[in-house]
Structures are given as C-alpha cells and as structure tokens.
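Have a look at the structure below before the remarks.
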Amino acid sequence: MCKSKIFNDVLHVVAEETGISCDELLAHGKYPDVVEARCLLFFYLHKVGFYPSQIARMTGQSRQCVTALLNSYKDRLNFKGKMLSIFSHNIGLKVAEISLKWRG
C-alpha cells in the first residue's frame with residue numbers, strides 16, 4: 001500500500017466529482033466551493049486512514065485547517081444542502097472502490 005497513490009486517487013475523485021481542479025484543492029484559496037471540496041477531500045482521506053497531520057503535510061495545509069474542516073464536515077452537509085450531499089455520496093462510493101482496490 002503506497003500512501004501517495006491512495007492520496008492521488010482520492011484527490012482525483014474529489015476533483016472530478018466537484019469540478020474543482022487538484023491544484024485548487026491543494027492551494028490556499030478560500031472560495032466557498034473550493035473550501036467545501038477541500039472539506040470533502042480531507043474527510044475521505046481521513047476515512048481511508050490518513051491522520052490529520054499526514055493530510056496537512058500532503059496537502060500543504062496547516063494541521064489546524066485540516067482539523068477544523070474535519071470537525072465541520074457534518075455541519076457543512078446539513079447547512080450546504082443537497083448538492084454537497086450528492087457530491088459526498090458519489091465520492092464515498094468511489095473511495096470505497098479505491099479502498100477495496102488497495103486492500104487487495
């Protein structure tokens with residue numbers, strides 16, 4: 001299992017589903033749609049086993065940023081409505097496939 005390959009797979013799934021480029025997800029932009037997509041990225045990286053400190057290091061974000069977005073995931077789903085829930089559901093299905101692939 002290579003963490004960088006898993007990271008890249010999840011990153012590309014989130015980028016494809018949300019329409020936010022990989023570069024934008026990894027930048028420090030604070031546009032609402034980018035932050036929401038980044039929140040999904042962090043949530044699903046965490047779900048497949050990355051620690052917040054690993055996510056921070058691999059994305060170039062601060063650990064505080066990663067933790068804040070992880071902690072706000074459920075509130076964002078409730079507050080932002082249907083579209084974010086759809087993105088999350090679709091990403092979750094694809095990440096499950098990735099997880100199975102890498103567990104081998």
Handout entry: H89, NE2: over 12 other non-hydrogen atoms inside 6.0 angstrom
Key = no

Problem - Closest non-hydrogen atom pair between C22 and A15, with its separation - result: SG-CB, 3.8 Å

Handout entry: Non-hydrogen atoms of T18 and V14 that approach each other most closely
Key = OG1-O, 2.7 Å

Exercise for the section: Inspect the contact between K94 and E16 and indicate whether a charged nitrogen and a carboxylate oxygen are less than 4.0 angstrom apart. Expected result: yes

Handout entry: SB check K101 D9 (cutoff 4.0 Å)
Key = yes

Practice task
Check side chain to side chain contact (heavy atoms under 4.5 Å, CB included) between S72 and all other residues, then give those that pass, not counting sequence neighbours.
Solution key: C39, L69, R76

What distance do [X] atom [atom1] and [Y] atom [atom2] have between them, rounded to the nearest 0.5 Å?
| X | Y | atom1 | atom2 | answer |
| --- | --- | --- | --- | --- |
| I20 | L11 | CD1 | CG | 12.0 Å |
| I91 | I86 | CD1 | CD1 | 11.5 Å |
| Y31 | E36 | OH | CD | 15.0 Å |
| E17 | N90 | CD | CG | 4.0 Å |
| T59 | L25 | OG1 | CG | 10.0 Å |
| I6 | K3 | CD1 | NZ | 7.0 Å |

Problem - Stepwise side chain to side chain contact (heavy atoms under 4.5 Å, CB included) check, L40 with Y73 - result: CA-CA 8 Å; L40 291 169; Y73 174 76; 3.8 Å; yes

Exercise for the section: Using salt bridge (Lys or Arg N to Asp or Glu O under 4.0 Å) as the criterion, list what pairs up with E97, not counting sequence neighbours. Expected result: none

Handout entry: Candidate pair I98 and V13, rule side chain to side chain contact (heavy atoms under 4.5 Å, CB included), full reasoning
Key = CA-CA 10 Å; I98 290 168; V13 163; 3.6 Å; yes

Tabulate below the donor-acceptor pairs under 3.5 Å that side-chain atoms of residues 41-53 make, not counting sequence neighbours, or state none.
{"from": "Y44", "atom 1": "OH", "to": "S88", "atom 2": "O", "distance (Å)": "2.8"}
{"from": "Y44", "atom 1": "OH", "to": "S88", "atom 2": "OG", "distance (Å)": "2.9"}
{"from": "H46", "atom 1": "ND1", "to": "F50", "atom 2": "O", "distance (Å)": "3.1"}

Problem - Single-linkage hydrophobic cluster, 4.5 Å side-chain cutoff, L77 and M83 together - result: yes

Practice task
State, with a plain yes or no, whether a side-chain heavy atom of R38 is found less than 4.5 Å away from one of Q61.
Solution key: yes

